[in-house]
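Structure, as structure tokens:
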There are 2 protein chains.
Amino acid sequence: MELTTKGRYAVMALADLAANGRADRSVPIADIAGRQGLSQSYLEQLFARLRRAGLVRAVRGPGGGYRLARDPGAISVSAVVAAVDEEIRVTACQKGDALGCQGRSSRCITHDLWAELTVHIDQFLTSITLADIVADAVRGRAAAMAAGPSSVQGDSGRCVTAGRLRAHGMGGVHAT
Amino acid sequence: MELTTKGRYAVMALADLAANGRADRSVPIADIAGRQGLSQSYLEQLFARLRRAGLVRAVRGPGGGYRLARDPGAISVSAVVAAVDEEIRVTACQKGDALGCQGRSSRCITHDLWAELTVHIDQFLTSITLADIVADAVRGRAAAMAAGPSSVQGDSGRCVTAGRLRAHGMGGVHAT
DNA sequence: CAATTCTTGACCGCATTTGTCGGGAATAGT
DNA sequence: ACTATTCCCGACAAATGCGGTCAAGAATTG
């Protein structure tokens with residue numbers, strides 16, 4: 001798994017764009033870089049990819065800049081990260097082997113684990129949009145999903161049975 | 001976030017240990033490295049950390065090796081990864097700044113997002129133990145949690161309302 | 001004492017990430 | 001047309017740290 005600053009920066013930039021731009025107003029990269037404290041040249045590279053992925057549209061010339069291609073509520077964090085973090089490295093488990101895990105017979109014991117983790121993470125990132133970030137509606141979201149996804153929406157159909165979630169202190173996975 | 005091969009290898013090794021060893025039998029690193037196709041010297045480093053974290057106990061001399069310190073069902077993947085993937089880099093968002101995100105006033109927009117993601121991932125990794133891996137009881141686990149954690153255990157208290165999960169194709173987050 | 005096996009620390013090459021730089025191409029205003 | 005603005009693109013540089021090796025040493029068994 002590989003989620004680097006590229007992904008973080010991209011989300012920050014698009015969230016900024018969602019907050020400080022409208023459908024009619026373009027925001028220049030320099031402004032975003034300034035507000036978010038990021039390198040302008042670096043951001044340019046990221047926006048190039050975001051554009052190729054169809055998430056933003058560019059307007060050149062004076063008064064130009066970028067604007068979101070869709071509604072902020074229709075752009076998931078998952079999509080943003082995917083646009084920027086290219087290589088879908090389904091890394092072979094046994095690196096000497098060309099087919100690796102896919103090789104059916106010698107599928108390594110932890111294969112399912114990482115596959116499931118990928119799904120789990122993607123479910124989360126897909127469930128959050130730029131609109132959510134701008135609206136500051138993200139805190140507590142993980143707990144909400146764990147309690148049952150229905151509670152994320154409103155709170156019909158409660159479903160709180162604890163299940164088997166050992167406590168244990170979160171370690172090994174780092175963010176921010 | 002940073003989940004590298006170190007974490008993968010560690011889990012593979014401990015799962016192997018859970019499968020091929022008992023409370024009375026020690027398994028030498030060489031055996032594990034051989035079965036899992038990993039570098040022995042590299043594994044040694046990982047086991048050093050696993051031991052310091054209290055997850056395994058070492059027995060030296062001929063007939064020695066490693067054995068799990070606890071029951072396989074009492075060791076979560078989260079614990080393993082945490083033991084091996086050291087640096088708790090709560091990386092400052094604005095790298096020039098010493099306090100970064102914590103600095104209350106200038107907390108960057110995406111702070112909550114990554115914090116929640118960390119929680120979300122950890123919930124998953126904490127819910128899975130070595131015993132689960134050995135028993136091959138991991139497939140479909142993410143979907144199960146999304147449907148409501150209660151369904152992971154058995155299937156009392158169903159709770160299936162879809163919630164807001166846009167489809168979208170998983171991208172950007174890679175595993176093996 | 002000799003064979004195992006863990007224990008530790010130093011070391012290194014390489015790929016990837018994280019940028020920088022400079023020039024070029026569209027566009028708007030004058 | 002000229003100029004200022006802004007996106008666009010490719011090459012290049014630096015740093016980080018991952019993945020892995022090597023060698024020496026300390027327990028333990030027989």
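Note: hydrogens, waters and symmetry copies are ignored here, and every other heavy atom, side chains too, is used. We name chains A, B, ... by the order of the sequence lines, and we start the count at 1 in each one.
- Taking atom CG on A:L43 and atom C1' on D:dT6, their separation rounds to 14 Å, with Å as the unit.
- For B:Y66, the listed nucleotide lying nearest its side chain is C:dC6; candidates were D:dC7, D:dC18, C:dC6.
- Computed from coordinates, the A:L38 CG to C:dT17 C1' distance equals 15 Å when rounded to whole Å.
- In the hydrophobic clustering of this structure, A:Y66 does not group with A:V134; members are Ile, Leu, Val, Met, Phe, Trp, Tyr whose side-chain heavy atoms approach within less than 4.5 Å, directly or through other members.
- If you check distances only, the side chain of A:Q45 never reaches the base of C:dT17 with a donor-acceptor pair under 3.5 Å.
- Considering only heavy atoms from C-beta on, B:E116 comes within 4.5 Å of A:R139 through its side chain.
- The side chain of B:K6 approaches D:dC18 more closely than any other nucleotide in the set C:dG19, D:dC18, D:dA23.
- We find that OH of B:Y42 is positioned 18 Å from P of C:dC6, with the value rounded to whole Å.
- Contact annotation for A:S41: base contact, defined as any heavy-atom pair under 4.0 Å involving a base atom.
- Residue contacts for B:S26: at a heavy-atom cut-off of 4.0 Å it reaches no nucleic acid atom on any strand shown.
- Annotation: of the two residues near DNA chain D, A:R52 and A:P62, the 5′-most nearest-nucleotide partner is A:P62.
- Using a 30° and 60° split on the angle between ring planes, A:Y9 and A:Y42 fall in the perpendicular class, above 60°.
- Atoms CG and CD, on A:N20 and A:Q36 in that order, are 8.0 Å from each other to the nearest 0.5 Å.
- Side chain of A:R51, nearest nucleotide from D:dT29, D:dC9, C:dT8: D:dC9.
- Within the nucleic acid shown, B:F47 has no heavy atom closer than 4.0 Å to any nucleic acid atom.
- Comparing D:dC7, C:dG19, C:dT8 by their nearest atom to the side chain of A:S39 picks out C:dG19.
- Remark: P of D:dG19 and CD of B:Q40 are 18 Å apart, rounded to the nearest angstrom.
- Spacing between atom CD1 of A:I29 and atom P of D:dT5 amounts to 17 Å, rounded to whole angstrom units.
- B:A58 comes within contact range of the sugar-phosphate backbone alone, with a heavy-atom separation under 4.0 Å but no base atom that close.
- Rounding to whole angstrom units, CG of residue B:L46 and C1' of D:dC18 are separated by 11 Å.
- For the pair B:R57 CZ and D:dA27 P, the interatomic distance rounds to 19 Å; values are reported in whole Å.
- Rounded to an integer number of Å, the gap from CZ of B:R25 to P of C:dT5 is 11 Å.
- Picking from D:dC7, D:dT5, D:dG20 the nucleotide with the shortest atom distance to the side chain of A:R60 gives D:dC7.
- At the phosphate of C:dG19, OP1 or OP2 sits under 4.0 Å from a side-chain N or O atom of A:Y9.
- Linking Ile, Leu, Val, Met, Phe, Trp and Tyr whenever their side-chain heavy atoms come within less than 4.5 Å leaves B:V59 and B:V56 in two separate clusters.
- Looking at A:V77 and B:T110, their side chains never come closer than 4.5 Å, going by heavy atoms from C-beta outward.
- When distances run from any side-chain atom of B:E44 to the nucleotides C:dT7, D:dC7, C:dT27, the shortest one goes to C:dT7.
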